[in-house]
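In what follows, every chain begins at residue 1, and chains take the letters A, B, ... in the order their sequences are listed.
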2 protein chains.
Amino acid sequence: MSSGVDTDAAPVRFDAFSAECPSRRLLDTIGDKWASLTIVALGLNGRLRFSELAARIEGVSQKMLTQTLRNLERDGLLTRTVTPSVPVRVDYELTPLGASLLGPISHLKAWAEEHMPAVDEARAAYDRSRS
Amino acid sequence: MSSGVDTDAAPVRFDAFSAECPSRRLLDTIGDKWASLTIVALGLNGRLRFSELAARIEGVSQKMLTQTLRNLERDGLLTRTVTPSVPVRVDYELTPLGASLLGPISHLKAWAEEHMPAVDEARAAYDRSRS
DNA sequence: CAGGATCCTCTATGATACTG
DNA sequence: CAGTATCATAGAGGATCCTG
């Protein structure tokens, strides 16, 4: 907020603590409950219709799916293609930019699969300790 | 939940779409507004007191910081050390498990620094297009 | 200093109903 | 089918006051 110097110069005084920081904003995006799932779904399938996405991402409401898709489209992470057939048909597909996110996401996935059991143990131990 | 087969065998029917999926739960953790900042702060400084964390993570309320720290402690990502001096002193430090998260996070950071400008452009273009 | 307890206010999100 | 619009609500999160 104070300055626009966000380049990445400061080594210790990390400015990720500002909401302007790109890292922060990325977390705001993929940290979203449905966004990452949508990206992964499209990453696995290549191209899906609205209803197909709704079916795969179980639990998502139509409103949230629409909103999530709009946001991702706005961010240039996916494209929305409307086919004006009788019942309208809309397809969603990752852009190269969106697909490039699959890398970092897979790192998270790898960490999760490797370490979440430890987290679960820690959590159980913690809860146990305070009865 | 059904099985532990999450390895990455299933190509289409990914079970990350269940809230039980470790990937989902990890995102719930680090996607949290303050958790990732806290982890990064401790990653950079090694060990910080409550007040030091509060100072670095600008904008965080005392309530949220406390809550975030408790959650991370419960998950085994950091340790809380109380020194019963006159005014109590409490230090927080990443556990090896918590420190191992710095890797995946740095990948996100790298992606963000490299691609967020493109996202900003896309966003601007999108907003421009719909006046 | 650290943090517990409260109160209060938005915001995110779900449910529902309607439409091109 | 793929949304948009509206209503309602739980809960996140901030502000404030209090204490070991």
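- Atom-to-atom, CG of D91(A) to P of dA2(D) comes out at 8 Å; the value is rounded to the nearest Å.
- Looking at heavy atoms from C-beta onward, I105(B) lies in side-chain contact with V40(B) at the 4.5 angstrom threshold.
- Comparing the axis of the opening five pairs of the helix from dC1(C)-dG20(D) to dG20(C)-dC1(D) with that of the closing five pairs yields an angle of 50°, rounded to 10°.
- The distance from atom NZ of K33(A) to atom C1' of dA12(C) is 10 Å, rounded to the nearest whole Å.
- Every residue was checked against the side-chain contact (heavy atoms from CB on, under 4.5 Å) condition with V86(A), not counting sequence neighbours, and none meets it.
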When the side chains of residues 69-77 of chain A are checked against the rest of the protein, which donor-acceptor pairs come out under 3.5 Å, sequence neighbours left out?
{"from": "N71(A)", "atom 1": "ND2", "to": "Q67(A)", "atom 2": "O", "distance (Å)": "3.4"}
{"from": "R74(A)", "atom 1": "NH1", "to": "D127(B)", "atom 2": "OD1", "distance (Å)": "2.8"}
{"from": "R74(A)", "atom 1": "NH1", "to": "D127(B)", "atom 2": "OD2", "distance (Å)": "2.6"}
{"from": "D75(A)", "atom 1": "OD1", "to": "R123(B)", "atom 2": "NE", "distance (Å)": "2.8"}
{"from": "D75(A)", "atom 1": "OD1", "to": "R123(B)", "atom 2": "NH2", "distance (Å)": "3.0"}
{"from": "D75(A)", "atom 1": "OD2", "to": "R123(B)", "atom 2": "NH2", "distance (Å)": "3.4"}

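- Picking from dA2(C), dT13(C), dA2(D) the nucleotide with the shortest atom distance to the side chain of V90(A) gives dA2(D).
- The nearest whole Å value for the distance from the CG atom in D28(A) to the C1' atom in dG13(D) is 15 Å.
- Here dG13(D) is the nucleotide among dA2(C), dT13(C), dG13(D) with the atom lying nearest to any side-chain atom of M64(B).
- Protein atom CG of L65(B) is 16 Å distant from nucleotide atom C1' of dA12(D), rounded to whole Å.
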Contact letters for nucleotides 15-20 of chain D, in which S counts primed atoms plus P, OP1 and OP2 and B counts the base, heavy atoms under 4.0 Å: BB---B
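- For E114(A), there are no salt bridge (Lys or Arg N to Asp or Glu O under 4.0 Å) partners two or more places apart in sequence or in a different chain.
- Every residue meeting the side-chain contact (heavy atoms from CB on, under 4.5 Å) condition with H115(A), not counting sequence neighbours, appears here in chain and number order: W111(A), L97(B), S100(B).
- Residues passing the salt bridge (Lys or Arg N to Asp or Glu O under 4.0 Å) test with R89(A), sequence neighbours excluded: D91(A).
- Both R89(A) and G59(B) lie near DNA chain D, and the one whose nearest nucleotide falls closer to the 5' end is R89(A).
- L42(B) is linked by a side-chain contact (heavy atoms from CB on, under 4.5 Å) to T38(B), L48(B), L53(B), L78(B), Y92(B), L94(B), counting only residues two or more places apart in sequence or in another chain.
- Taking 4.0 Å as the cut-off between side-chain N and carboxylate O, D28(A) and K33(B) do not count as a salt-bridged pair.
- The phosphate of dA2(C) has OP1 or OP2 within less than 4.0 Å of a side-chain N or O from R49(B).
- Contacts with DNA chain C (heavy atom under 4.0 Å) in residues 66-84 of chain A: none are found.
- Residues satisfying the salt bridge (Lys or Arg N to Asp or Glu O under 4.0 Å) criterion with E93(A), sequence neighbours excluded, are R47(A).
- At whole-Å resolution of the value, CG in D32(A) and P in dA12(D) are 15 Å apart.
- Side-chain N or O atoms of S85(B) include one that pairs as donor or acceptor with a backbone N or O of P87(B) at under 3.5 Å.
- Y92(B) has a side-chain polar atom (N or O) that falls below the 4.0 Å cut-off from OP1 or OP2 of dG3(C).
- Residues passing the side-chain contact (heavy atoms from CB on, under 4.5 Å) test with A122(A), sequence neighbours excluded: none.
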